[in-house]
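Throughout, a chain's letter reflects where its sequence line sits, starting with A, and its residues are numbered from 1.
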Amino acid sequence: MVLTGAEIVIRCLQEEKVEYVFGYPGGAVLFIYDALFQQEQVRHVLVRHEQAAIHAADGFARSTQKVGCALVTSGPGATNAVTGIATAFCDSVPMVIISGQVPTAAIGQDAFQEVDTVGITRPCVKHNFLVKDAKDIASTIKKAFYLAKTGRPGPVVVDIPKDVTAQKAEFAYPQTVEMRSYNPVVKGHQGQIKKALKLLREAKRPMIYTGGGVILSDAAEALTQLTRKLGLPITNTLMGLGGYPASDPQYLGMPGMHGTYEANMSMHFSDVLVAIGARFDDRVIGDPNHFAQEPRKIIHIDIDPSSISKRVKVDVPIVGDVKEVLEDMLRLLEASGETTDKEALATWWKQIDEWRSRDCMKYRNSDEIIKPQFVVQKLWEVTGGDAFVTSDVGQHQMWAAQYYRFDKPRRWLNSGGLGTMGVGLPYAMGAQLAHPGSPVACITGEASIQMCIQELSTCKQFRLPIKICNLNNRYLGMVRQWQELFHGGRYSESYMDSLPDFAKLAEAYGHVGIQVKEPRDVEGAIREAFSRKNDLVFLDFLVDQTENVYPMVQGGKGLTEMILSAEDL
Amino acid sequence: MRHVIALLIENESGALSRVSGLFSARGYNIESLTVAATEDPSLSRMSIVTIGSDDIIEQITKQLNKLVEVVKVVDISESAHIERELMLIKVRATGKDRDEMKRMADIFRGRIIDATDSSYVIELTGNQTKLDSFIGAIDTGLILETVRSGIAGIGRGDRILKL
Ligand SMILES: Cc1cc2nc3c(=O)[nH]c(=O)nc-3n(C[C@H](O)[C@H](O)[C@H](O)COP(=O)(O)OP(=O)(O)OC[C@H]3O[C@@H](n4cnc5c(N)ncnc54)[C@H](O)[C@@H]3O)c2cc1C
Ligand SMILES: Cc1ncc(C[n+]2csc(CCOP(=O)(O)OP(=O)(O)O)c2C)c(N)n1
Ligand SMILES: [Mg+2]
């Protein structure tokens, strides 16, 4: 069948079962938009800024097991997309981004709206392509989807010059992909897996530390089974929340900079540490030299060999897909019938419970002023812990991670690696479109929300009943906290004057806005918001301006050198 | 430690910038990098000379392998291998220097491939040290211009880097 390049692009998206493409039109993609207009299978979500298109597609992908898809024009369309692409790259989110390019003959001529999109995005994509002939579009898009979702996932950019979208070519969607240069390992090495199990069975103080890889590989169930079977303590990174049920007694909370006392102490003093789809980030282990002081054997399961022994030397590396490896482990355990050192484990748990009894997450609530932690707790209660929760970046992000307890994977959407303010609302859009009947909450701050506030308009157009919980402290709170602790309380540019009345702003966009000032009104407001099934409700909570996030491991310090509360200072 | 990394990569436009971009983005060192298509025109072969601790070299090979278009990566300096570099050097060759220059070229098994009444272009191949020694052995005041290709490396005997 002979089609135009633009028609081929859309046919490819149909073949890939893309439900939504998030995008924004412009000159270089006019033919593609024309082809989009003439079909109904792939629905287009018109955002108000290309950054939000990428974030929304990213949120869609994070909340499902699918590849997110976005479409932008050349030049400014592509450059606006870069922050979104880098955000997805840093958290290994599978996405395909199609960008228009100036006509082939104009490339290199400093043409109108020309930028070297492949060059600009190269360091923040898993891979990218420039398609120079319509007959290559189908095979390239097929490869793009394949690359995005296999191995360590990531965003893939396909840049298509305008003339190529007008050219005609024979269309046939390839059924398979053959790439001699790309063959990710899925199955773990059986010898290594056995070695790991042996170490675990002999361990006196074993600990499981898991991350985003468990979510990406859909391995939460296998992980939960294995952890319960072995009876080991477990911690999930910020990217791994929901990988193991937070309400389970074996769960010690999040590790790292704002992790729990018990998780950090257990990481540090374990004698065998199993890292599963987690990459020993500096926000998780603190100073690597301090971390290395305590002798311990490390088992590391990761699909990306370059994640292994990058920051911390690993004793038993296992390259493979988390789910495959964990299922192999379960099978081997079942077959051998051997178990862990029960006695040693009991002693270890006693120690852990002692650490736990410090109750590091307690905070002083108030009748006078709304504490941000309290809002998150109430949100958790009202939604039964079952909402899709997105967040922006800052203090509110940490409180969301600490006080909303995630029992299921893919319920928590945030930017961990790049820490991009502005993702919260577009992530919620993606999640809400993917899960139409489900409650979706966006926990944000008054600064972050303003980085993509224009999307309130998109939410109106597509009737997305998101509940925005703005923890409004009138500060770039996370910046203010560091200035308070490390810069002598000199609050350089971290206070924001002239904030809008967010409730009225939401109303101006056609939504419901509620301002909440009193602690006693918090729960009622949240209930009211969630009872309005069809409305987007913007809850503007005026919270304590001086509240800080604890516990905290300062940059450059070790995991055991935590500040547990303001009294510790 | 100095390492010579050989790799096969799809011969696509932009392949070189993916490799060089990786080195600059991650702060790895490049002493030299050479690239050309192989006997199979769909593949290019690169030889990269780099310096780093064992940990860094391990990361470099892993990161190179991770590039989607890279087919194979080998650190050929891990065992017996051969390195060669080509140098073209233009020198002043007048009066008594003219004979002396020819003599030095002969000693180093270089070839004079262009001559005018006042200059020679000498072609020299060898490993890095040999080329350096040649430059050290002649009067540097006579050097008009040099160009070096960077190292090309290959394993000895059975060590073969092929698809
Ligand atoms: C303000 C702020 C504060 C933060 N504080 C903390 C904190 O206190 N604690 C914390 O934990 N984080 C914190 N972070 C997040 C931190 O920056 C990192 O993003 C995060 O810790 C990385 O999580 P991860 O190790 O799970 O790796 P991810 O980035 O999720 O990487 C996933 C790993 O799994 C691997 N993988 C992917 N797919 C598979 C598969 N199928 N099979 C096997 N392996 C796979 C990948 O190769 C990679 O190595 C903070 C971020 C911000 C912005
Ligand atoms: C795009 C971007 N710019 C700057 C930063 C640095 N930064 C991190 S947190 C923060 C403050 C966020 O303020 P707010 O959204 O009000 O959240 P709060 O910390 O007050 O809860 C800033 C500026 C960032 N992460 N992202
Ligand atoms: Mg704030």
Side-chain angles (χ1 to χ4, degrees), chain A residues 86 89 92 104 107-108 116-133 136 140 143-144 146-148 150-159 177-185 279-280 288 292 300 302-314 317 319, chain B residues 1 3 5-28 30 33 35 37-46 48 50 52-75 78 160-163:
Chain A
F89 180 68
S92 310
T104 323
I107 291 179
D116 174 10
T117 302
V118 164
I120 288 177
T121 57
R122 188 178 297 124
C124 60
V125 291
K126 178 165 176 183
H127 197 58
N128 57 19
F129 298 95
L130 173 66
V131 187
K132 290 188 178 142
D133 195 310
D136 299 331
T140 307
K143 273 186 200 161
Y146 173 69
L147 287 171
T150 54
R152 178 175 183 168
V156 179
V157 168
V158 181
D159 198 29
V177 183
E178 210 39 78
M179 290 178 82
R180 61 183 173 184
S181 64
Y182 177 79
N183 296 295
V185 177
R279 55 188 174 84
F280 292 94
H300 193 173
D302 203 293
I303 202 158
D304 177 358
S306 77
S307 277
I308 296 177
S309 289
K310 179 166 65 181
R311 306 193 65 247
V312 164
K313 200 94 199 125
V314 169
V319 176
Chain B
M1 265 283 281
H3 290 252
I5 293 171
L7 64 89
L8 293 174
I9 186 167
E10 296 290 350
N11 188 3
E12 303 270 348
S13 70
L16 175 60
S17 50
R18 287 185 207 279
V19 173
S20 61
L22 176 100
F23 275 75
S24 61
R26 293 187 182 267
Y28 304 143
I30 301 188
L33 186 159
V35 57
T38 63
E39 76 283 4
D40 169 356
S42 70
L43 278 179
S44 293
R45 173 153 172 161
M46 286 186 192
I48 304 168
T50 181
S53 62
D54 289 352
D55 290 352
I56 293 194
I57 300 297
E58 183 181 334
Q59 266 299 311
I60 290 178
T61 44
K62 284 175 168 177
Q63 293 292 345
L64 285 169
N65 263 312
K66 193 167 150 181
L67 291 176
V68 166
E69 285 168 343
V70 167
V71 184
K72 258 188 188 167
V73 180
V74 180
D75 180 351
E78 269 180 345
I160 291 163
L161 173 58
K162 230 183 159 185
L163 266 194

State, yes or no, whether a side-chain contact exists between [X] and [Y] at a heavy-atom distance under 4.5 Å.
{"X": "D304(A)", "Y": "R279(A)", "value": "no"}
{"X": "V118(A)", "Y": "V157(A)", "value": "no"}
{"X": "M1(B)", "Y": "I57(B)", "value": "no"}
{"X": "L130(A)", "Y": "K132(A)", "value": "yes"}
{"X": "Y182(A)", "Y": "T150(A)", "value": "yes"}

Practice item. Below 4.5 Å from any heavy atom of chain B, which atoms of R180(A) appear? Answer side chain, backbone, both or neither. Key: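 Both parts, backbone and side chain.
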Which bit of [X] comes within less than 4.5 Å of chain A, counting heavy atoms only: side chain, backbone, both or neither?
{"X": "E69(B)", "result": "both"}
{"X": "S13(B)", "result": "side chain"}
{"X": "L163(B)", "result": "side chain"}
{"X": "S42(B)", "result": "both"}
{"X": "V68(B)", "result": "both"}
{"X": "E58(B)", "result": "side chain"}

Check your understanding: Counting only N and O atoms by type, is there a donor-acceptor contact under 3.5 Å from the side chain of T38(B) to the main-chain atoms of L43(B)?
Key ->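 Answer holds: yes.
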Review point. Under a 4.5 Å heavy-atom cutoff, which of R18(B), Q63(B), E10(B), K66(B) has the most pairs with chain A?
Key: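 Going by pairs under 4.5 Å, I would pick R18(B).
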